[in-house]
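Below, chain A is the first sequence line, B the second, and so on; all start at residue 1. Side-chain atoms are counted along with the backbone in the values below, which use heavy atoms only and exclude waters and symmetry mates.
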Amino acid sequence: MAPTVCLSDGDDEDGPISFKRTASVKSEQEDDSEDEKPLAMRTTRLTSNASSTSRNSIKRRPGDSNTGTSSPLKKAKHSAIEREPKAADAHDNKIPLAPRLTSVKPSKTKPPAKNATKNKKKSPSSFTKDSQKGVEMKAKKTVRNSRLSKAMKVRQGSGSGKKWSTLEHNGVMFPPPYMPHGVKMLYNGQPVDLTPEQEEVATMFAVMRDTEYASKETFINNFFTDWRKILGKTHIIKKFELCDFTTIYEWHLREKENKKQMTTEEKKALRDEKGKREEKYLWAIVDGVKEKVGNFRVEPPGLFRGRGEHPKMGRLKRRIRPNDITINIGKGTPVPVCPIPGESWKEVKHDNTVTWLAFWNDPINQKDFKYVFLAASSSLKGQSDKEKYEKARKLKDHIDNIRVNYTKDFRSKDQVKKQIAVATYLVDKLALRAGNEKDEDEADTVGCCTLKVENVTCLPPNKLQFDFLGKDSIRYLNTVEVELPVYEAVKEFCAGKNKGDNVFAEIDTIKLNAHLKELMPGLTAKVFRTYNASVTLDAMLNKETEDGTLLQKISIYKRANKEVAIICNHQRAVSKSHDSQMAKLNEKIDELKVQRDGLKAELEKAKKGKRPGDDKDGSRKKKLTPEMLENKISGIEAKIEGMVITKNNTEESKTVALGTSKINYLDPRITVAWCKTHEIPINKIFSKTILEKFGWAMDVGPGFRF
DNA sequence: CCTCAGACTTGGAACAATATTT
DNA sequence: AAATATTGTTCCAAGTCTGAGG
């Protein structure tokens, strides 16, 4: 192995690195057997202790309330030493063996083609009842074979992109009108009168008092500017500094408290009522099949909560009215009635080349749209999800070639080629996002193609340190050893430029993707993320799962999941209870240690002669033989060890978010197959909703490999 | 090409529901 | 039973990528 990419130092097991990839990125050759492994790895990121500097700092949104953890960029995770699985807590669930996976009915992979198919089988769970409910009667040709049919359609789109033939739904639901509370805020110490509209906006702000937004200058300015438009030029309120929203804030707290105090029945009544109101909006009928609608609730007005340093944070997101909304519905099907009397939809379309049911323009950014789509459990979404994974799997067949290809171009004379090669390498190896250009009026974040000179530091002899804010202003901090030509190339790209200049000045995502498409049809940068994630999960699960208890197996899954999350840089804010949680663990550990030491002392005594029988203390407590004591001690020691492991895991995972990869990057079939093979009830891994979303993957055989 | 409207996926936090502890 | 901790769900912001039209 020669120049390997990863430098993980030795170790194999808990080494800092996730994957020691031996395979090729480097020079081509290599045994192929290895190539399935993702290149991704984080060197320093996971490296030892020093790491406190390393990957941490989560950039929190200003919004998060919790007073606690105030420090936004607090320390965060440290190294990530992978520790053994160790089942931490113990709730032993009884182990229902037998994977009931199989039971799930056939996934409906219906081709989008024309006409409905007749399967009504719904995803895994429950609502069979609803779905059956007669919706649909049209029998049509059922084209199976989704994989193929899909591919073709996408590729050449004979019928172009027809997404459905018939579409029925009831439109969208509007939030209730504003109910004025009449609580007067103070201006310059005096109560002020506000119209309901003015009060509404004041309340939006007042209520955010304990979020970080409330103290951000941009937020305040934007809010105040928009609010003053509503107050009018002549209103007494002129200066933000003289505003005191406390009264309204306190009213809000009281409301919250009241709500909490409601009895269970009251709450239930409320829920039922809500359910009743929403009922009709919950479902759409697509090609005769009843499907859940994703987000039929129109977003209520509020103050925009942009993430990171968003220039528009605090702006008023005005109320959306029917007249803002465009409805998409099957031709000939009844148009949803506009729920607000006297008003009407902006437009009604019958476009079956798209999947949205409705949309409106984002009031903050006129050019953006807010769509109402079907839920993730719908077959339309399921199908494209499946296609996404199939495409990622296809990448397996091309990856060797792609790597050879870009490796060759590392030294290309053609600057564009060279930059594309290096960018592709980063996308492949680090699973970076493509990095589209962004507008001035958005938070300043970057991805691969938009990396700035200041985001990359060359550390001789051949390491690169990345430090930038990516999507959602989440910080990406990672130091990686790269192939020498890459290192040299990056150095050259940065030479003589300013901090804020693009590293890849010659390329953008369009060019990058255009190039990728030449290497494999349909290939784009994001496919590498999916590929990387799924390949990693598949490899880890298959390599590491051995016989063990259910808990142990689940722990292995979590570990693999976590590995993927780290590769994708999926982070979360540390929970406000984290510290106390740690403290509690430490306490318990100390307690055990005390116990252990006590026993040790006793053991000494016991060994020193005294036989179990004799001793002055006539106490009833029976003496233990040395062996018994030793047993006890080792028992406690094992316990301690277990707790230390949990503690370390907790600490190491406090900034890692597992959900995102589970939902978006890991081919569910890997999980399903693994569960079947190892007799793990799938619901130990997938929650109900996610199970519904992955209905299409449930009947895969235990032999499935990504 | 390039722009830019458009459509759809991905993302973390807020919030709600449950489970566990006190 | 109340208080907490944990897990699951919803919300809506922020990405990616495509395609039409110049």
Side-chain angles (χ1 to χ4, degrees), chain A residues 58-66 89 91 154 157 160-161 163 211-212 256 259-260 264 267 271 294-295 297-300 302 304-308 310 312-313 317 326 328 351 353-356 359 361-362 364-371 373-376 380-381 384-385 388 433-439 442-443 445-450 469-474 508-514 516-517 522-527 529-530 533 565 568-573 575-578 580-581 584 650 655 657-665 683 686-693:
Chain A
I58 283 212
K59 171 67 164 232
R60 291 151 135 283
R61 312 181 176 185
D64 48 6
S65 41
N66 78 74
D89 19 62
H91 357 321
V154 169
S160 65
K163 302 288 178 40
T211 72
E212 246 175 78
K256 233 161 83 177
K259 216 168 153 193
K260 216 164 64 178
T264 330
K267 285 181 186 163
R271 261 208 316 277
N295 54 323
R297 279 175 274 262
V298 171
E299 291 175 18
F304 177 68
R305 292 155 96 105
R307 300 163 191 183
H310 197 119
K312 293 189 174 178
M313 66 169 71
K317 209 168 71 158
T326 300
N328 193 28
D351 184 352
T353 67
V354 295
T355 67
W356 53 265
F359 86 82
N361 284 98
D362 179 353
I364 295 294
N365 221 306
Q366 268 316 114
K367 10 211 78 298
D368 290 345
F369 309 80
K370 298 287 198 172
Y371 294 93
F373 289 121
L374 291 175
L380 218 51
K381 291 284 193 194
S384 73
D385 208 28
K388 172 183 76 185
R433 295 189 184 84
N436 284 312
E437 308 288 343
K438 297 192 73 185
D439 276 353
E442 297 177 280
T445 62
V446 305
C448 184
C449 293
T450 40
L469 296 184
K471 181 175 177 180
D472 291 310
S473 290
I474 295 292
D508 58 21
T509 57
I510 315 249
K511 286 178 185 143
L512 177 62
N513 284 335
L516 293 176
K517 276 192 182 45
L523 185 61
T524 61
K526 83 192 259 284
V527 180
R529 274 170 81 76
T530 311
C568 296
N569 201 36
H570 291 147
Q571 300 190 233
R572 59 172 179 161
S575 84
K576 42 189 161 338
S577 60
H578 177 80
S580 66
Q581 196 184 150
K584 213 177 280 178
T650 308
T655 59
L658 303 184
T660 306
S661 52
K662 196 184 267 188
I663 293 171
N664 300 300
Y665 288 104
N683 61 4
F686 287 157
S687 69
K688 172 171 152 275
T689 352
I690 223 173
L691 223 38
E692 282 164 14
K693 160 169 176 160

Checklist outcome for this item: Per atom distances to the A/K163 side chain, the nearest of B/dG11, B/dT9, B/dC8 is B/dC8
Checklist entry - Do we see a donor-acceptor contact under 3.5 Å between the side chains of A/T509 and A/N436? => result yes
Checklist entry - Any side-chain N or O of A/T445 under 4.0 Å from OP1/OP2 of C/dG15? => result yes
Checklist entry - Is A/H310 near enough to C/dA14 that one of its side-chain N or O atoms lies under 4.0 angstrom from OP1 or OP2? => result yes
Next on the checklist: How bent is the helix from B/dC1-C/dG22 to B/dT22-C/dA1, measuring the angle between the end axes built from five pairs each, rounded to 10°?
Outcome noted: 10°
Checklist entry - Between A/R297 (CZ) and C/dT10 (C1'), how many Å, whole number? => result 8 Å
Checklist entry - Closest to the A/T689 side chain: B/dG6, C/dT10, B/dG11? => result C/dT10
Checklist entry - With sugar-phosphate meaning primed atoms plus P, OP1 and OP2, does A/K584 contact a base, only sugar-phosphate, or nothing at under 4.0 Å between heavy atoms? => result sugar-phosphate
Next on the checklist: Is the shortest side-chain heavy-atom distance between A/D362 and A/F369 below 4.5 Å?
Outcome noted: no
Checklist entry - Quick one: A/K256 NZ to B/dC15 C1', roughly how many Å, whole number? => result 11 Å
Checklist entry - For atom NZ of A/K517, is the number of surrounding heavy atoms from other residues, nucleotides or ligands below 6.0 Å larger than 12? => result yes
Checklist entry - Taking only N and O in the side chain of A/Y371, is any of them less than 4.0 Å away from OP1 or OP2 of B/dC8? => result no
Checklist entry - B/dG11 phosphate, OP1 or OP2: any side-chain N/O from A/Y665 under 4.0 angstrom? => result yes
Next on the checklist: Any base atoms under 4.0 Å from A/Q581, or only sugar-phosphate, or nothing? Heavy atoms, all strands.
Outcome noted: sugar-phosphate
Item to check | Residue pair A/G522 / A/V527: nearest heavy atoms and the distance that separates them | outcome: O-CG2, 4.4 Å
Item to check | Heavy-atom neighbours of A/K267 NZ exceed 12 at 6.0 Å | outcome: yes
Next on the checklist: Side chains of A/K693 and A/F686, heavy atoms from C-beta outward: is any pair under 4.5 Å?
Outcome noted: no
Checklist entry - Would one find a side-chain N or O of A/K381 under 4.0 angstrom from OP1 or OP2 of B/dT9? => result yes
Checklist outcome for this item: A/N683 CG to B/dT18 C1', in whole Å, measures 15 Å
Checklist entry - Within the distance-only criterion (no hydrogens, no angle test), does the side chain of A/N513 pair as donor or acceptor with the backbone N or O of A/A525 below 3.5 angstrom? => result yes
Next on the checklist: Looking at B/dG12, I'd like to know if its phosphate oxygens (OP1 or OP2) sit under 4.0 Å from a side-chain N or O belonging to A/T660.
Outcome noted: yes
Next on the checklist: In whole Å, I'd like the distance from the CZ atom of A/R572 to the C1' atom of B/dA14.
Outcome noted: 15 Å
Checklist entry - Within the structure shown, what part of the strands sits under 4.0 Å from A/F373 by heavy-atom distance: base, sugar-phosphate, or nothing? => result base
Item to check | Closest listed nucleotide, where the reference is the side chain of A/K471 and the choices are B/dG11, B/dA7, C/dC12 | outcome: B/dG11
Checklist entry - If you check every side-chain atom of A/R305, which of B/dC8, B/dA14, B/dT10 has the closest atom? => result B/dA14
Checklist entry - C/dG15, B/dA5, B/dA14: which one has an atom nearest the side-chain heavy atoms of A/K438? => result C/dG15
Next on the checklist: Less than 4.0 angstrom between a side-chain N/O of A/S687 and OP1 or OP2 of C/dT9, yes or no?
Outcome noted: yes
Checklist entry - Roughly, in whole Å, what's the span from CG in A/N664 to P in C/dT16? => result 14 Å
Checklist entry - What string of B, S and - do you get for nucleotides 17-22 of chain C, 5' to 3', if B is base contact, S is sugar-phosphate-only contact and - is no contact with any protein heavy atom under 4.0 Å? => result BS----
Item to check | Phosphate-side-chain proximity, A/R433 and B/dG11, N/O vs OP1/OP2 below 4.0 Å | outcome: yes
Checklist entry - Starting at CD1 of A/I663 and ending at P of B/dT9, how long is that distance when rounded to a whole Å? => result 14 Å
Checklist entry - Should the ring pair A/Y371 and A/F373 be called parallel, tilted or perpendicular, given that the plane angle runs from 0 to 90° and is split at 30 and 60? => result parallel
Checklist outcome for this item: Between A/T445 and A/K438 the two heavy atoms that sit nearest each other are OG1-NZ, 3.0 Å
Next on the checklist: Test of understanding: with salt bridge (Lys or Arg N to Asp or Glu O under 4.0 Å), list the residues that count as partners of A/K381, not counting sequence neighbours.
Outcome noted: none
Checklist outcome for this item: The answer to which of A/R271 and A/T355 contacts DNA chain B further toward the 5' end, by nearest nucleotide, is A/T355
Next on the checklist: Reading DNA chain B from 5' onward, which residue's closest nucleotide shows up sooner: A/V354 or A/D508?
Outcome noted: A/D508
Checklist entry - Any sub-3.5 Å donor-acceptor pair from A/D508's side-chain atoms to A/K511's backbone N or O? => result yes
Checklist entry - Between atom CD in A/E442 and atom C1' in B/dC4, what is the gap in whole Å? => result 13 Å
Checklist entry - Any side-chain heavy atom of A/L691 sitting closer than 4.5 Å to one from A/K688? => result no
Next on the checklist: Please pick, from B/dC8, B/dT9, B/dC2, the nucleotide with the shortest atom-to-atom distance to any side-chain atom of A/K511.
Outcome noted: B/dC2
Checklist entry - Looking for any heavy atom pair under 4.0 Å, which part of the strands does A/K267 touch: base, sugar-phosphate only, or nothing? => result nothing
Item to check | Interatomic distance where NZ belongs to A/K370 and C1' belongs to B/dT10 [whole Å] | outcome: 14 Å
